[in-house]
There are 2 protein chains.
Amino acid sequence: MSKKALTRDAILQQAVRSASQIGISRLTIGSLAEQSGLSKSGLFAHFGSKEALQLAVVQAAQAQFVEEVVKPAFTQPRGMARLHALFHGWVMRLYAGSMPGGCPLLAAAYEFDDQPGAIRDALVAGQRWQRDTLQRLLQEAHDAGELAAGSNVPLLAFMLFGLIQSAHHDHQLLDNHHSAQLALQGFAQLCGAPAPYAGQAGS
Amino acid sequence: MSKKALTRDAILQQAVRSASQIGISRLTIGSLAEQSGLSKSGLFAHFGSKEALQLAVVQAAQAQFVEEVVKPAFTQPRGMARLHALFHGWVMRLYAGSMPGGCPLLAAAYEFDDQPGAIRDALVAGQRWQRDTLQRLLQEAHDAGELAAGSNVPLLAFMLFGLIQSAHHDHQLLDNHHSAQLALQGFAQLCGAPAPYAGQAGS
DNA sequence: CTCAAAAAAGAACGATCGTGCTATTTTGCA
DNA sequence: TGCAAAATAGCACGATCGTTCTTTTTTGAG
């Protein structure tokens, strides 16, 4: 990999971390340059504009999600095992140290939902793909007879995504230490999988 | 009401609308003054600092939520009727014209979850109160025997709040026209209430 | 109507940001 | 090693923002 690409990747890795804390729209070229050990103009030359930088951050965060959540899930056999691995990995990533300020893509969905442009377009495409992936794995589990008969697959995908958002909200804002457990219990209730920690539900 | 208070309320009403579109942290005194027909310094004098303005916007949005969602629900009799009214009003407000850019409080939760200060404190208190209210109405419905026996009330509150967030996300970012219907179907599945539009679930 | 107090306007400041231009350093091949 | 090209640094600009200070307009009670 060329030096340019190496430097660019290092910038983006740090930028995703920063975006998780302050949001993509509040990234500044100056502070990002300082964190990367570059000058403002040196960093700027890698992207050409702030919007291009923000778009690259979105794409880097999406690629990171695929690497850390989707790919590991696809090592599991098709059906409930793969579905459970996807949901479990998705939830647990909210508590991993790699994103100290929460998921930058969920935050960006709120930041850019009213700002047409390339960034919003990329977010929409990415979120649609995430949802479609979740729904496809649900459908495969349903086809394999591992979900309750008559399950409404699109509704289940909608509800599971809500569990993830609720866990994110409770963890990041309310410091609710039971949020991961609640999300996994919710998955168990909706999809009938064995519930980790079942029976330990406190108040 | 004094003229000062009248002007301040008009400013805040417009500010909440703007915050729903661009977020609380990106409100600017200049554009807010222009929208209110005031000068920058004229508007500034009402709050004394930008942070005080943002805090007032949070409090105004919270008061608006109580007026438009919570109070109407409490006109219903205790139990499932009141619970259903709260959830229904909460979801339907996402589609009312009063907040064109989505719920500013949900967006602010993502904006400020990593920025300690008075604004975050106010958001935490407000979100905790919302959740406690939802959970209290669930408990009352449960005590009245209107929920499935053995229902996990805190988990139900967590899941219902997830439905609201999922509806918000699907509506604001993905332009999913079925999002309200999905949230209400989800409520029906979790709480056993009659589902409006049941059976019309498309893809 | 009078006039003091309240409310708003106007102008200017320091700071910060994105961006463009030029000079300097570093890289990698001949 | 020499040198062209790539990568980065240095510097300055216009714009925007929050804030302060002073002046002008508006309000409402006597």
Side-chain angles (χ1 to χ4, degrees), chain A residues 1-19 21-58 60 104 108 111-112 114-120 122, chain B residues 1-19 21-60 108 111-112 114-120 122:
Chain A
M1 187 154 46
S2 70
K3 174 161 175 52
K4 182 148 204 165
L6 282 172
T7 304
R8 183 186 153 105
D9 283 4
I11 292 170
L12 287 176
Q13 186 173 346
Q14 176 58 47
V16 170
R17 284 185 61 92
S18 290
Q21 295 179 301
I22 63 173
I24 288 177
S25 67
R26 303 215 301 182
L27 291 172
T28 67
I29 302 199
S31 59
L32 227 48
E34 194 175 4
Q35 293 165 4
S36 303
L38 292 180
S39 66
K40 270 176 62 176
S41 54
L43 186 143
F44 183 83
H46 280 273
F47 302 97
S49 75
K50 181 175 180 179
E51 191 184 8
L53 164 64
Q54 292 173 322
L55 185 58
V57 171
V58 168
E111 286 185 88
F112 290 93
D114 277 292
Q115 302 189 15
I119 297 174
R120 197 195 120 107
Chain B
M1 189 155 43
S2 70
K3 174 158 174 55
K4 183 147 201 163
L6 283 171
T7 305
R8 184 187 152 104
D9 283 5
I11 293 170
L12 286 176
Q13 185 173 346
Q14 176 59 48
V16 170
R17 283 185 63 93
S18 289
Q21 295 178 302
I22 63 173
I24 289 179
S25 68
R26 302 216 300 181
L27 292 173
T28 68
I29 299 199
S31 59
L32 227 48
E34 193 175 4
Q35 292 165 6
S36 303
L38 292 180
S39 66
K40 268 175 64 177
S41 53
L43 186 143
F44 183 84
H46 280 274
F47 302 96
S49 75
K50 181 174 182 180
E51 191 184 8
L53 164 65
Q54 292 173 320
L55 185 59
V57 171
V58 169
Q59 292 166 341
E111 286 185 270
F112 290 93
D114 277 293
Q115 301 188 18
I119 297 175
R120 197 196 121 105

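In what follows, every chain begins at residue 1, and chains take the letters A, B, ... in the order their sequences are listed.
In this structure, CG of B/L6 is placed 18 Å from P of D/dT26, rounded to the nearest angstrom. Between the NZ atom of A/K4 and the C1' atom of D/dT8 there is a distance of 10 Å, given to the nearest Å. For B/Q54 and D/dC17, the CD to C1' distance is 12 Å, given to the nearest whole Å.
Picking from D/dT8, C/dA8, C/dT19 the nucleotide with the shortest atom distance to the side chain of B/S39 gives C/dA8. Here C/dG18 is the nucleotide among D/dA9, D/dC17, C/dG18 with the atom lying nearest to any side-chain atom of A/I29.
No more than 12 heavy atoms of other residues, nucleotides or ligands sit less than 6.0 Å from atom CD of B/E34. Heavy-atom contacts from other residues, nucleotides or ligands closer than 6.0 Å to CD of B/Q13 number 12 or fewer.
A/T28 has no side-chain polar atom (N or O) that falls below the 4.0 Å cut-off from OP1 or OP2 of C/dT16.
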Pair B/F112-B/I24, side-chain contact (heavy atoms from CB on, under 4.5 Å): steps then yes or no: CA-CA 9 Å; B/F112 290 93; B/I24 289 179; 4.0 Å; yes

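Across all strands, B/L32 comes closer than 4.0 Å to no nucleic acid atom at all (heavy-atom distances). Within the nucleic acid shown, A/L27 comes within 4.0 Å of sugar-phosphate atoms alone, with no base atom in reach, counting heavy atoms only. Using a 4.0 Å heavy-atom distance criterion, A/K40 is classed as a base contact.
The base of D/dA9 lies close enough to the side chain of A/S41 for a donor and an acceptor atom to sit less than 3.5 Å apart.
Counting heavy atoms from C-beta outward, B/L12 and B/F47 have side chains that approach closer than 4.5 Å.
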